[in-house]
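Every heavy atom of this structure was used, including side-chain atoms; hydrogens, water molecules and symmetry mates were not. Lettering of chains follows the sequences in order, A, B, ..., and the numbering in each one begins at 1.
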Amino acid sequence: MRIPIREVTPETETAEVLGWVHEVRDLGGLTFFLLRDRSGILQVTVPKKKVGEQVLSALRDASRESLVRVKGRVKAIGKAPGGRELVPEEFEVVCRSESPLPLDVVEKVPAELDTRLDARFLDARRPRVAAVFQVRSVALQTVSDFLYARGFVNISTPKIVAAATEGGTELFPIAYFEKEAFLNQSPQLYKQMMMGAGFEKVFEIGPIFRAEEHNTTKHLNEATSIDVEVSFADHHAVMELLEELIVTVYRDVNERCSSALEALEIGALPVPKAPFPRLPYSEAIRMAAEATGDPITYGDDIGTAAEKAIGELMGEHYFVVDWPTEIKPYYAMPYEDNPTVCKAFDLMHPRMELSSGAQRVHQHDLLVRQIQAKGLNPDNFEFYLEPFRYGMPPHAGWGLGAERLIMTMLSLGNIREAVLFPRDRHRLTP
RNA sequence: GCCCAGGUAGUGUAGUGGCCUAUCAUGUCGGCCUGUCACGCCGACGACUCGGAUUCGAAUUCCGACCUGGGCGCCA
């Protein structure tokens with residue numbers, strides 16, 4: 001019976017394993033195979049004079065990255081990796097790998113990201129790549145557990161929609177029978193409608209689509225959004241929820257992913273400390289202007305250079321709060337005593353923006369005025385506006401980019417490393 | 001959308017007008033090798049994205065196409 005490689009220890013007597021041929025070192029009368037499965041690597045040592053003809057002929061066929069089955073005696077050997085090796089009695093090539101390989105799984109020769117993504121199934125055989133997705137899996141489970149434990153309802157909302165969520169032009173049009181439709185850029189409006197339904201706390205982890213033609217290491221055209229909306233909450237409450245979530249994810253990944261973090265050669269993650277600093281937008285602008293020397297003034301967006309400069313000064317996760325109403329979406333709630341400023345916030349990692357959120361406008365007439373103030377036509381938002389006429393509770397929420405969370409947590413150089421099959425400006429396959 | 005950079009064996013690279021029937025590594029194939037762990041040694045195989053132009057001569061210069069990477073705007 002097949003056992004995972006990790007379970008083969010120096011104390012094991014006999015073992016049967018299935019794994020991929022990671023490396024072959026043929027010394028002549030003695031051949032070493034390194035066999036790899038998702039749990040680890042095992043050395044198979046074949047003394048050619050002492051094994052049967054069946055083993056010898058299979059050996060010749062066992063090219064790199066072939067899947068093989070080996071059954072034999074385990075020997076405790078100090079100089080072998082893991083202190084043990086397997087001497088085969090049976091050796092079978094289950095599925096042969098062709099050669100040459102599209103990329104070098106052992107990484108003696110590096111491969112460019114583009115080459116790696118073209119052969120992602122092979123790339124993902126590399127332990128350090130697999131490790132990223134183990135961490136991603138654990139992180140997303142932690143997010144769900146965290147939110148379920150606080151009484152959130154997991155919802156699924158349409159990805160095919162009739163109109164833009166926020167009025168931008170950055171939507172992918174698709175053919176929907178005889179109608180025009182789009183891929184949704186955000187579950188924003190649907191989350192809010194469920195506040196109107198009285199669900200009180202909802203979350204969704206799902207794809208969002210942005211048709212922007214950027215070509216950077218931190219943008220994707222299909223990304224995963226962790227979206228949350230909470231009734232009877234203000235922006236302060238959901239910022240606290242968010243920072244607590246971030247801390248919990250880091251802590252859980254440390255606890256549950258030590259071998260993956262080891263494979264990534266980064267060791268234990270420094271866990272951010274809550275509460276994160278709240279940096280008012282006006283102060284952020286002042287810092288950026290001073291640090292960069294650029295003429296950045298109140299009301300400007302915080303561009304990449306400014307974002308980088310502020311990130312270096314802050315050196316940890318932080319919130320930018322109290323944004324000008326003018327540069328945030330119509331659904332962000334203006335302060336009652338100063339409507340030029342709104343209850344919106346961005347969660348920043350020193351490297352980039354991770355999340356943005358706000359307390360939302362829940363008053364129908366104010367929302368209509370804000371939509372108009374952005375130069376949009378409220379008639380196009382009728383399906384969204386309707387719930388606001390029938391007892392919409394005050395509410396707040398945020399959207400957190402899952403890939404950016406993973407990327408910043410693991411110090412990945414490119415966001416594509418945090419997605420199995422990224423969709424960017426040029427890539428539509430695999 | 002704007003701006004830069006780049007396409008050389010399966011992979012990663014060197015090569016800026018003749019020294020290129022193109023470098024090195026890895027790989028693959030063959031040979032030797034019983035303790036390797038980037039095994040070692042010997043030999044072989046394998047590439048200039050495409051089209052046009054300049055030139056006695058182009059991987060190298062120019063033009064166009066195709067493909068790619070990155071930056072910016074904007075954003076998660």
Roughly how far, to the nearest 0.5 Å, is [atom2] of [Y] from [atom1] of [X]?
| X | Y | atom1 | atom2 | answer |
| --- | --- | --- | --- | --- |
| Glu85(A) | Gln43(A) | CD | CD | 5.5 Å |
| Arg404(A) | Thr224(A) | CZ | OG1 | 12.5 Å |
| Phe121(A) | Leu420(A) | CZ | CG | 13.5 Å |
| Glu212(A) | Asn221(A) | CD | CG | 8.0 Å |

Specify the separation, in whole Å, of atom [atom1] of [X] and atom [atom2] of [N].
| X | N | atom1 | atom2 | answer |
| --- | --- | --- | --- | --- |
| Met352(A) | C74(B) | CE | P | 17 Å |
| Leu400(A) | A76(B) | CG | P | 11 Å |
| Gln43(A) | A38(B) | CD | P | 12 Å |
| Arg116(A) | G10(B) | CZ | P | 20 Å |
| Ile205(A) | A76(B) | CD1 | P | 17 Å |
| Arg84(A) | G35(B) | CZ | C1' | 17 Å |
| Ile77(A) | C37(B) | CD1 | P | 16 Å |
| His214(A) | C4(B) | NE2 | P | 21 Å |

Partners of [X] by ring-ring contact (aromatic ring centres under 6.0 Å, His included), sequence neighbours excluded?
| X | value |
| --- | --- |
| Phe421(A) | none |
| His219(A) | His214(A) |
| Phe199(A) | none |

Could you go through residues 73-80 of chain A and list every donor-acceptor pair under 3.5 Å that involves a side-chain atom there, pairing it with any protein atom two or more places apart or in another chain?
none

message = Salt bridge or not between Arg125(A) and Asp37(A)? Use side-chain N to carboxylate O under 4.0 Å.
response =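 A salt bridge is absent here (no side-chain N lies under 4.0 Å from a carboxylate O).
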key: Electrostatic pair Glu89(A):Lys71(A) at N-O distance under 4.0 angstrom   = no
query = Does the cation-pi check pass for Arg150(A) over Phe146(A), that is, NZ or CZ under 6.0 Å from the six-membered ring centre and within 45° of its axis?
reply = yes
Please write out each protein N/O paired with an N/O of nucleotides 64-69 of chain B under 3.5 Å, distance rounded to 0.1 Å.
{"unit_1": "U68(B)", "atom_1": "OP2", "unit_2": "His426(A)", "atom_2": "ND1", "d": "3.3"}
{"unit_1": "G69(B)", "atom_1": "OP1", "unit_2": "Asp114(A)", "atom_2": "OD1", "d": "3.4"}

Applying the Watson-Crick and G-U wobble criteria at under 3.5 Å, what pairs with [N]? Answer none if nothing qualifies.
| N | answer |
| --- | --- |
| G18(B) | C56(B) |
| C75(B) | none |
| U11(B) | A25(B) |
| C32(B) | G40(B) |
| G64(B) | C50(B) |

query = Considering only heavy atoms and no angle criterion, is a donor-acceptor pair shorter than 3.5 Å present between the side chain of Glu213(A) and the base of G73(B)?
reply =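 Per atom types, no contact qualifies.
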Look at all strands and tell whether [X] reaches a base, only sugar-phosphate, or nothing, counting heavy atoms closer than 4.0 Å.
| X | value |
| --- | --- |
| Ile226(A) | nothing |
| Glu85(A) | base |
| Ala223(A) | base |
| Gly401(A) | sugar-phosphate |
| Lys75(A) | base |
| Pro81(A) | base |
| Ser225(A) | nothing |

query = Can you name the residues that form a side chain to side chain donor-acceptor pair (under 3.5 Å) with Glu11(A), not counting sequence neighbours?
reply =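 Testing Glu11(A) for side chain to side chain donor-acceptor pair (under 3.5 Å), a comparison that skips the adjacent residues, returns Thr9(A).
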query = side chain to side chain donor-acceptor pair (under 3.5 Å) with Ser66(A): which residues, sequence neighbours excluded?
reply = Ser63(A)
Donor on one side chain, acceptor on other, Thr157(A) and Glu204(A), under 3.5 Å =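 A donor-acceptor contact under 3.5 Å links the two side chains.
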ask   = With distance as the sole criterion, is a donor-acceptor pair present between the side chains of Thr142(A) and Asp252(A) under 3.5 Å?
value =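 Side chains of Thr142(A) and Asp252(A): pair found under 3.5 Å.
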query = Between Asp346(A) and Asp26(A), which has a closest nucleotide on RNA chain B that is more 5'?
reply =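 Checking each residue's closest nucleotide, the 5'-ward one belongs to Asp26(A).
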ask   = Given that Leu103(A) and Ala80(A) both sit by RNA chain B, which one's nearest nucleotide is further toward the 5' end?
value =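 The residue mapped nearer the 5' terminus is Leu103(A).
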Separation between the [atom1] atoms of [N] and [M], rounded to whole Å:
| N | M | atom1 | value |
| --- | --- | --- | --- |
| U68(B) | U28(B) | P | 29 Å |
| U8(B) | C48(B) | C1' | 4 Å |
| U16(B) | C74(B) | C1' | 39 Å |
| U55(B) | A47(B) | C1' | 25 Å |

inquiry  = Base contacts versus sugar-phosphate-only contacts with protein, heavy atoms under 4.0 Å: please encode nucleotides 22-28 of chain B as B, S and - from 5' to 3'.
reply    = ----SSS
task = Kindly say if Thr115(A) contacts the phosphate of U11(B), meaning a side-chain N or O under 4.0 Å from OP1 or OP2.
result =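 Answer no for this pair, as no side-chain N or O of Thr115(A) is under 4.0 Å from OP1 or OP2.
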query = How would you list, by chain and number, every residue that makes a salt bridge (Lys or Arg N to Asp or Glu O under 4.0 Å) with Asp322(A), sequence neighbours excluded?
reply =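 Asp322(A) satisfies salt bridge (Lys or Arg N to Asp or Glu O under 4.0 Å) with no other residue.
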Residue-level proximity of residues 304-312 of chain A to RNA chain B when a heavy atom falls under 4.0 Å = Thr304(A), Glu307(A)
ask   = Which residues within residues 117-129 of chain A lie with some heavy atom under 4.0 Å of an atom in RNA chain B?
value = none
Throw together a table of side-chain donor-acceptor distances under 3.5 angstrom for residues 304-314 of chain A, partners on residues two or more places apart or in other chains.
{"unit_1": "Glu307(A)", "atom_1": "OE2", "unit_2": "Lys218(A)", "atom_2": "NZ", "d": "3.2"}
{"unit_1": "Lys308(A)", "atom_1": "NZ", "unit_2": "Glu312(A)", "atom_2": "OE2", "d": "3.3"}

message = The side chain of Lys218(A) is closest to which nucleotide in this list: U34(B), G71(B), C75(B)?
response =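 Of the candidates, C75(B) comes closest.
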key: Glu212(A) side chain, from C-beta outward: closest of A76(B), U36(B), C74(B)   = C74(B)
